[in-house]
Each structure stands twice: as C-alpha cells, then as structure tokens.
Amino acid sequence: MASSLFQPSPSSAMTLSSSSTSSSSSLFTGTLRTLGFVDHSRARISAPNTKCDMSESSNFVNGKPIIPVLNERTLPKFMESAREAKTVSRNSNRLKLFSGRANPTLSQEIARYMGLELGKISIKRFADGEIYVQLQESVRGCNVYLIQPTCPPANENLMELKIMIDACRRASAKNITAVIPYFGYARADRKTQGRESIAAKLVANLITKAGADRVLACDLHSGQSMGYFDIPVDHVHCQPVILDYLASKMISSSDLVVVSPDVGGVARARAFAKKLSDAPLAIVDKRRHGHNVAEVMNLIGDVKGKVAVMVDDMIDTAGTIAEGAALLHEEGAREVYACCTHAVFSPPAIERLSSGLFHEVIITNTIPVAEKNYFPQLTIITVANLLGETIWRVHDDSSVSSIFQ
C-alpha cells in the first residue's frame, strides 16, 4: 500500500478498533482516536443499487449506538499544541453555563469537559404556546454562557434563546454570551432576487437587542454573517475535528480527492484539502431551480479510481450532496465520503444518504439527530470539547484563533 498521509497517535487515551472491511477497494485501516464521537459502524447492506461496501460489524446495542466514555480533558489532536503553548486559566468563579432545550446532550458534554455543572433553569410552555423562562440561581455579576442552537424548530428555539438572554439581563448578569452551535437563518444572508428579506441580519439584530454581549457560533454558512452582529462574534471552525477523525483512517495521498458539492463551497473545500496535505480538488457544477432543489450538470476535476471526500457546512435535504455523489460514481470514484458540520436532515435526507451512495457520512453534534434518523453509514463526532475549550478561552480573555493554528 502507498505511504500513508496520516499516522494514528499511539498515545491516545482510548482507541476503538475499526472494523475490518471486506471490500478490497477500501483504503482506510487503523484505529480511531478518542474524539468523543458516536461511531455508527457501517453494516453490510444488500441493496441491488449499492455503490459502496460497508464493513460487517455494527456498534449498535439494543438498537442504540454505543457512546464512548469520554475523558473530560481529552482534546482533539489539532488542539494539543495550542494547549501546550499557553495554559488557560480554569478559574470558574463568576462563570455560569445554562442550556436551552434545543440540544441538552451537547450542553451536558460541554459542562463535563469544563468540569462544571449546568446552571439550574426552568423553561416551560404555557397552554397557548408561549415560553416561560426562570433562572433558579443567582447570576448577578457573573459571565453567563447560554448554549442553544437555533435548529429545527428554528423559530421556537430562537425565541427560547432570546427569552433566556432577557432573563439573564434582568437578573444583572455581567456578560451574556450566546453559544449558538448552529445559527439558523444563516442561508438568508443576501438578496438574490428583488423584494427578498435578509433574515440573517434580522436574527442578528434580535439576539443583540435581547441583551447578548457576545456570540459564539460554529461554522457559519458565510463569513459575512459575523458582520451582521454589532457585538463581538467568535467563529469556531469545526472542520478540524472532522480532519482529525479522517487522519486516524490512514488515507493514502495518491488516492484522495476533496470535492466541493457546489461552486459556492470551493473556498471551504480548498481549505479542507490544504489540511489534507494539499490534496487535489474537484468541483461539482450544479444549477439550482428553486429552494431545496438542485440539478447536477458536470464535474470539474478528476476522481476516477479515487476516494472522494465531499465537504459542506450543512446537509439539509441532501439533494445537492446526493446528486453530486451519484455524479462522482458515474465518473469512476471508488468510494464517496460526505463530511459536514450541521446535520439538518430535513426529509427526504435520510433516504438519500442511506441509499448506498456514501461509504460513510461524517457529521458533528451541533444539531441533535433523532434515533429514528440513524442509519448504518452515519458517524457523529462531538464538538463539545472544542466548544468547552473556546468558552474557557473567552472567559480567560485568551486567544481563540490560536486553537486552529
């Protein structure tokens, strides 16, 4: 086999042995580093139109995926050098974490990494649907971090976040940081036709006017969205966590190509490819006829006989990435991997992603995935440690960008 791009770390705190694959075309072997991911191992499926072979074993017990026990101080490999360069103060005085109801599991993982307890908060809903929020402990003079992605149902979760911010402001919190792992409405960041709204700017104004002093967001759909806020924004890049996972799979440089599913994602895919030892880049050219509807036209680049890694910031209905994967197979790609930060998974995304086009679909847990939406090719990697480390650095007035250098 050709020399590997990546070597797994022998000093990992915990490793999970990857299942051996029966396909002779599989390029990935080795062990998986402890990243706090939920590995839904690929089970062999017997579909007539299957494009990729999946390995034989399954990490499901009683129908539920195995969740590895996390060491709350474990960091992804790309963050280790940053930790060594500067020790961040872990003084939790005047630091409070509160979670909304959008993604409580992620909030608990962040608190576990930080060695803190989530603050006590009561969130209820009246019979008419109105939201009621009450903090059940004092936050006077504290730096408060509210963890709440505005994922589906977007309007409910957004309104809940704003009421949480207002409750903290009226309780005399010193600083309020809205930790938004997934920023809804981010795709409405410009006018593409006449008489359209720019909802991303509107939502930014609403969060600011509610009383937030800072926003911490993960992989915004477009960088200019940071400029919509009149308060500081810390933009956390989650792709290095996915890169760290891919690194553990020992992929050969001669067999890899990074693919952008559309022209708008070229910059993101190029940055991803550079981190993979400057891997070659391919682009899927598509024409969109309406919202959530895409038609693939052609492919720019060579993928014949290679492992194609498709990179995007989110997967909604999976129309774009599924059509792109079908085109890659037609052009001779050996295996296709899909990588994204935000798994919105609106119907019929699950049917498209589990149809056999993808060898593996790698996502993060910025948005919770319901058990009914699990499928054998799905791998979920947690970003809790990354967000926890970022919160510590913000609280300590340390550099956040140094994490990613």
Side-chain angles (χ1 to χ4, degrees), residues 1-6 21-30 42 45 47-55 239 242-243 245-288 294-341 349 352-363 375-379:
M1 187 177 202
S3 60
S4 172
L5 265 173
F6 306 107
T21 183
S22 58
S23 172
S24 60
S25 63
S26 178
L27 302 174
F28 300 148
T29 59
R42 281 72 62 197
I45 57 176
N49 296 325
T50 296
K51 302 296 184 183
C52 298
D53 290 335
M54 272 59 75
S55 57
Q239 284 190 353
I242 298 177
L243 283 164
Y245 171 73
L246 288 175
S248 68
K249 311 200 80 168
M250 299 178 63
I251 185 169
S252 175
S253 59
S254 61
D255 293 325
L256 174 69
V257 59
V258 175
V259 181
S260 173
D262 53 33
V263 175
V266 171
R268 183 183 305 108
R270 183 186 294 115
F272 195 90
K274 286 183 178 180
K275 296 291 180 63
L276 289 176
S277 295
D278 204 14
L281 181 68
I283 304 169
V284 176
D285 177 36
K286 69 172 187 180
R287 304 294 172 89
R288 188 180 294 276
E295 179 182 351
V296 173
M297 302 299 292
N298 50 40
L299 178 69
I300 304 171
D302 180 29
V303 299
K304 187 173 182 180
K306 296 187 177 183
V307 174
V309 179
M310 302 187 74
V311 181
D312 210 345
D313 64 319
M314 70 175 69
I315 297 178
D316 189 357
T317 61
T320 297
I321 204 163
E323 292 287 345
L327 178 63
L328 294 176
H329 282 293
E330 292 176 6
E331 296 293 330
R334 183 181 299 178
E335 293 174 349
V336 179
Y337 285 71
C339 302
C340 84
T341 301
R352 289 169 171 169
L353 295 173
S354 61
S355 63
L357 289 170
F358 299 96
H359 186 81
E360 189 172 1
V361 178
I362 305 167
I363 64 172
F375 53 95
Q377 301 96 320
L378 183 65
T379 298

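Only heavy atoms go into these numbers, but all of them, side chains included; no hydrogens, no water, no symmetry mates.
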**Student:** State which residues pass side chain to side chain contact (heavy atoms under 4.5 Å, CB included) with A338; sequence neighbours excluded, sorted by chain then number.
**Tutor:** I321, F358, V361
**Student:** From T341 OG1 over to I362 CD1, what is the distance, rounded to the nearest 0.5 angstrom?
**Tutor:** 11.5 Å
**Student:** Please report the shortest heavy-atom distance between P261 and M310, naming the atom on each side.
**Tutor:**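 Where P261 meets M310 most closely, the heavy atoms are CB-CE, 3.9 Å.
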**Student:** Pick one: which of V336, V309, L328 meets side chain to side chain contact (heavy atoms under 4.5 Å, CB included) with V259?
**Tutor:**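 Of V336, V309, L328, side chain to side chain contact (heavy atoms under 4.5 Å, CB included) with V259 is met by L328 alone.
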**Student:** Could you give the distance from CZ (R352) to CD (E323), rounded to the nearest 0.5 Å?
**Tutor:**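 That separation rounds to 7.0 Å.
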**Student:** Indicate the atoms forming the closest heavy-atom contact of A349 with D316, along with that distance.
**Tutor:** CB-O, 3.3 Å
**Student:** Side chain to side chain contact (heavy atoms under 4.5 Å, CB included) with C339: which of T379, D312, L246?
**Tutor:** L246
**Student:** Between V257 and D302, is the side-chain contact (heavy atoms from CB on, under 4.5 Å) condition met? List the steps.
**Tutor:** CA-CA 8 Å; V257 59; D302 180 29; over 6 Å; no
**Student:** Hey, does the side chain of N298 reach the backbone of I300 with a donor-acceptor pair shorter than 3.5 angstrom?
**Tutor:** no
**Student:** Do you know which two heavy atoms are closest between K306 and P280, and how far apart they sit?
**Tutor:**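 Shortest heavy-atom contact: NZ-CG, 4.2 Å.
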**Student:** Using the side chain to side chain contact (heavy atoms under 4.5 Å, CB included) criterion, which residues pair with L281? Sequence neighbours excluded.
**Tutor:**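 Result, side chain to side chain contact (heavy atoms under 4.5 Å, CB included) vs L281: V258, V266, A269, R270.
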**Student:** Which pair of heavy atoms, one from Q377 and one from L353, lies closest together, and at what distance?
**Tutor:** NE2-O, 4.3 Å
**Student:** Taking atom CD of Q239 and atom CZ of R268, what is their separation to the nearest 0.5 Å?
**Tutor:** 6.5 Å
**Student:** Please name the pair of heavy atoms, one in G265 and one in S260, separated by the smallest distance, quoted to 0.1 Å.
**Tutor:** C-OG, 3.2 Å
**Student:** Could you grab the distance from atom CG of L378 to atom CD1 of I363, nearest 0.5 Å is fine?
**Tutor:** 4.5 Å
**Student:** Just verifying a value: how many Å separate E335 CD and H329 NE2, rounded to the nearest 0.5 Å?
**Tutor:** 9.0 Å
